[in-house]
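Report on the structure given below.
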Amino acid sequence: MAWAGAVVTALLASAAATDLRAATVKVLAQQRVEGLARLLDSLEASRYPAEATIELEIWVDGLPSTVGEAQRARRRETAALARARSSRWPFGPSRVVDSGEHRGVRGQWLACANPSVFHDEMARVLIVEDDVEVSPAWFEFLSRALEAPREPGLAGVSLQRQPYRLDAYASDMDHGRRQGSMMRLFDDEADEAYAFAHVGSWAFSPEPRVWLEFIHWFRGLDHTDPDTWSVASDGSPRRDAVESNLPFTESLPSRWYRAALASGKRKTTAGAADESSMWTAHFGAFMAARQLFVVHARLRGGAALAISYRSDGAHYSLEKADSRLFSEASLPADLFGAPTMPRLALSGERVQHLLTYVADADEATLRRRAMKRRAFERFSGGDRRLQSGDDDDLAIFYTLTNTVAESDVAGAVQGLGFGHDPFTTLTQQQALCVLDGKKVAIVGDSISRYFTWEFNWFLRNGDVSAEFVSGVSTDATYYDQNSPWTDEGYRSSSAKHRQNMVAVPSSYFDGLDESIETAFWFVQDTWYDAFADLATTIADYDVLIMNSGWWERQDSTLDDGSYPDDVDCADDKMFADGGACLTAYESDLEALYDGLLSTFQTDPEKAVIFRLSSCCGGGPYSTDAETDEGSIAVSAMNAVAQRVFTDLGVELLD
């Protein structure tokens with residue numbers, strides 16, 4: 001039943017998945033003045049929709065303490081150029097992040113984009129280093145890649161051209177080629193988008209949820225341990241081969257990182273090259289363990305949507321473009337022409353999902369089961385296999401197929417980062433089929449209320465309401481009944497802050513065994529007496545989407561008494577009295593789990609997802625300092641929720 005929660009999660013995020021109208025370009029720079037100017041020129045010359053907002057952030061890294069004055073002068077010149085170009089960026093807000101410390105290439109990548117913090121919250125970003133130039137059509141490619149049909153399990157979109165196989169050298173295959181010769185990934189010329197088992201980092205747009213999980217995973221690693229970066233030539237994690245006592249041949253990206261470790265280079269120049277400047281080998285192992293792929297494009301004539309000049313720095317000193325830049329304003333019409341985007345292993349071989357299904361039933365039942373299977377397949381990665389049950393309804397059993405899943409069974413079954421694809425665009429019929437006969441409860445703040453409106457609209461009409469732009473009406477288009485669920489006001493006396501909505505948005509569709517019911521309750525605290533009384537009603541539902549954290553950060557004089565009188569959770573007092581507010585919030589979350597969430601967590605027929613809070617707190621904010629204060633407060637509350645619910649195995653929507 002946990003997969004039904006994944007369907008709801010994707011539907012709640014469907015507004016962002018269907019039409020890309022905003023993105024943030026994060027440029028990583030240090031002392032390449034000419035390269036930065038060239039990159040910014042290409043970004044300004046790119047083609048963007050008139051309604052799109054393209055934010056620009058230029059991250060200027062600090063220098064090691066050992067560098068000389070010439071490099072410091074170049075760095076000052078780079079920072080000055082960044083400020084000048086940022087001030088006249090014409091496509092949206094812009095800013096320069098001038099680091100006072102030396103992070104290095106890897107540190108810059110990991111610092112510049114965190115989907116869990118204010119402003120970056122699950123936003124679409126493109127991260128690009130300053131020796132890269134992008135095609136005028138890069139934004140079109142990113143937009144179309146997010147809209148195109150695909151199988152589950154995508155880690156992001158890359159603009160880098162991938163001309164070669166990465167499983168082995170030609171000499172490894174006894175092709176009579178000289179040592180180190182690469183083999184071509186494709187034998188023919190075509191315009192085609194495909195998903196590849198390698199990241200392509202020269203201009204990369206990570207899937208936010210995947211990137212967030214990678215950041216958390218990466219922080220706890222021993223970066224020299226081969227289990228954290230080594231991938232076999234067949235694309236499987238090294239750990240799988242070692243634990244299964246199987247022959248192991250290492251892929252090329254892993255060999256390159258091994259060579260960097262063995263070389264032990266410790267340069268004293270800026271951008272010094274050593275293993276600490278590399279993150280892609282670890283991301284490759286992260287992808288392999290989770291069977292993830294990255295969207296790429298191949299274009300006729302060897303053109304690329306981003307080219308690298310491989311300038312002097314951490315990895316290259318060639319000053320020569322690797323490919324020819326695709327200079328047309330529009331992409332080839334048939335680039336995304338395949339019914340489903342092909343997925344290629346490191347060897348170039350096509351990869352298929354191996355989902356099995358057997359049934360013995362009448363034709364109508366088989367058709368219904370097939371529809372449910374297709375919808376399930378869009379939310380199942382290689383960690384899960386589909387089998388039939390003995391009764392007329394589809395029964396789903398999970399077979400864990402890799403060591404990562406096996407090491408975290410609770411996480412795999414609950415869907416914590418395994419098999420969900422936020423890229424996926426659902427059809428109305430798929431959603432109706434998967435949720436047939438289910439009751440979905442959504443509990444939380446005004447953002448959850450908006451999600452409920454969009455969810456109901458989608459189930460009724462099959463698209464996403466355009467009222468996101470013009471303001472949401474509170475008429476009965478979105479629900480069947482609407483009234484306050486309690487007479488008490490708690491932190492707010494407004495009736496809209498005590499709202500209960502119920503809808504049966506699927507009731508007039510043919511072909512469903514039963515109706516789908518949704519209900520929303522607006523709550524102003526994480527756990528309190530009236531909510532505890534309501535919990536018995538919510539427990540009758542099949543799926544629960546819950547959030548808290550925003551209202552707790554309002555002025556404590558409006559508190560309903562669930563916190564001690566001397567605890568103030570306003571943004572500027574979040575950490576007062578030794579963090580008493582956070583301690584109280586943790587206690588409330590544990591009470592919420594015991595009183596409600598555990599009912600969904602322990603029942604295999606139910607599913608629960610907890611949505612972390614969005615920024616910010618008390619507001620409204622009139623200065624950057626107040627905004628920063630609010631983002632720190634919400635991050636602190638979310639950190640507590642992540643710790644509590646990760647330990648309890650509750651799936652989080654960040």
Side-chain angles (χ1 to χ4, degrees), residues 28 103-113 127-129 132 153-156 158 160-169 172 180 182 185 195-207 210-242 248-267 271-294 296 308 310 313-316 322 344-347 402-404:
L28 308 185
R103 292 192 176 102
V105 177
R106 184 162 75 189
Q108 283 276 83
W109 272 88
L110 298 179
C112 76
I127 307 173
V128 55
E129 296 180 31
V132 171
L154 293 181
S158 174
Q160 182 174 340
R161 177 173 171 255
Q162 294 287 356
Y164 300 114
R165 289 171 52 169
L166 296 177
D167 59 326
Y169 290 115
D172 299 332
M182 305 283 286
L185 186 62
F196 190 42
H198 184 64
V199 56
S201 62
W202 289 341
F204 178 51
S205 176
E207 159 53 35
V210 172
W211 189 247
L212 179 63
E213 186 180 349
F214 171 69
I215 291 173
H216 290 166
W217 173 81
F218 188 85
R219 285 172 180 164
L221 297 184
D222 172 1
H223 299 139
T224 62
D225 181 353
D227 280 348
T228 70
W229 53 262
S230 183
V231 175
S233 58
D234 65 0
S236 61
R238 174 185 180 274
R239 185 169 57 183
D240 285 3
V242 171
F248 178 74
T249 302
E250 204 162 48
S251 64
L252 297 186
S254 298
R255 292 193 217 178
W256 299 333
Y257 186 68
R258 185 180 293 276
L261 288 174
S263 70
K265 286 187 293 185
R266 294 292 186 271
K267 294 184 180 179
D274 60 37
E275 72 278 3
S276 68
S277 69
M278 302 173 70
W279 62 273
T280 52
H282 298 88
F283 195 78
F286 177 88
M287 289 172 56
R290 292 154 180 80
Q291 301 180 14
L292 300 174
F293 292 76
V294 170
H296 292 74
S308 171
R310 299 171 290 181
H315 304 129
Y316 298 101
D322 69 296
L344 303 183
L346 295 175
S347 64
N402 64 48
T403 55
V404 170

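Source: prediction; values computed, not measured.
Closest approach of Ser308 to Trp202, counting heavy atoms only: CB-CD2, 3.5 Å. Of all heavy-atom pairs spanning Ser236 and Ala288, the tightest one is C-CB, 4.4 Å. The minimum heavy-atom distance linking Met287 with Ala155 is given by the pair CG-CB, 4.3 Å. Here the closest heavy-atom approach between residue Arg165 and residue Leu252 is recorded as O-CD1, 3.8 Å. Taking all atoms of both residues into account, the shortest heavy-atom contact from Val199 to His296 is O-NE2, 3.6 Å. When every heavy atom of Ala260 is checked against every heavy atom of Met278, the shortest pair comes out as CB-SD, 3.8 Å.
Between His282 and Phe214, the distance from one ring center to the other does not fall under 6.0 angstrom. Between Phe283 and Phe204, the ring centre distance stays below 6.0 Å.
Between Leu166 and Trp256 the shortest side-chain heavy-atom distance falls below 4.5 Å. Side-chain contact check for Leu292 versus Val210: some heavy-atom pair is nearer than 4.5 Å. Looking at heavy atoms from C-beta onward, His198 lies in side-chain contact with Leu346 at the 4.5 angstrom threshold.
Interatomic distance, Gln108 CD to Arg106 CZ, rounded to the nearest 0.5 Å: 13.5 Å. Considering CH2 of Trp217 and CD of Glu213, their distance stands at 10.0 Å, rounded to 0.5 Å. Note that CD1 of Ile127 and OG of Ser205 are 8.0 Å apart. Values are rounded to the nearest 0.5 Å. The CG atom of Leu110 sits 5.5 Å away from the CZ atom of Phe218 when rounded to the nearest 0.5 Å. The line from CZ of Phe196 to CG of Leu185 is 5.0 Å long, rounded to the nearest 0.5 Å.
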Chi angles and distances behind the side-chain hydrogen bond (donor to acceptor under 3.5 Å, both in side chains) call for Glu250, Ser230 | CA-CA 7 Å; Glu250 204 162 48; Ser230 183; 2.4 Å; yes
Audit row: Ser347, Asp234, side chain to side chain contact (heavy atoms under 4.5 Å, CB included) steps and yes/no = CA-CA 7 Å; Ser347 64; Asp234 65 0; over 6 Å; no
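Judged purely by atom type and a 3.5 angstrom limit, Ser251 has no side-chain atom pairing as donor or acceptor with the backbone of Ser233. Between the side chain of Trp229 and the backbone N or O of Tyr257 there is no donor-acceptor pair closer than 3.5 Å.
Taking a 6.0 Å sphere around OH of Tyr164, one finds it holds 12 or fewer heavy atoms contributed by other residues, nucleotides or ligands.
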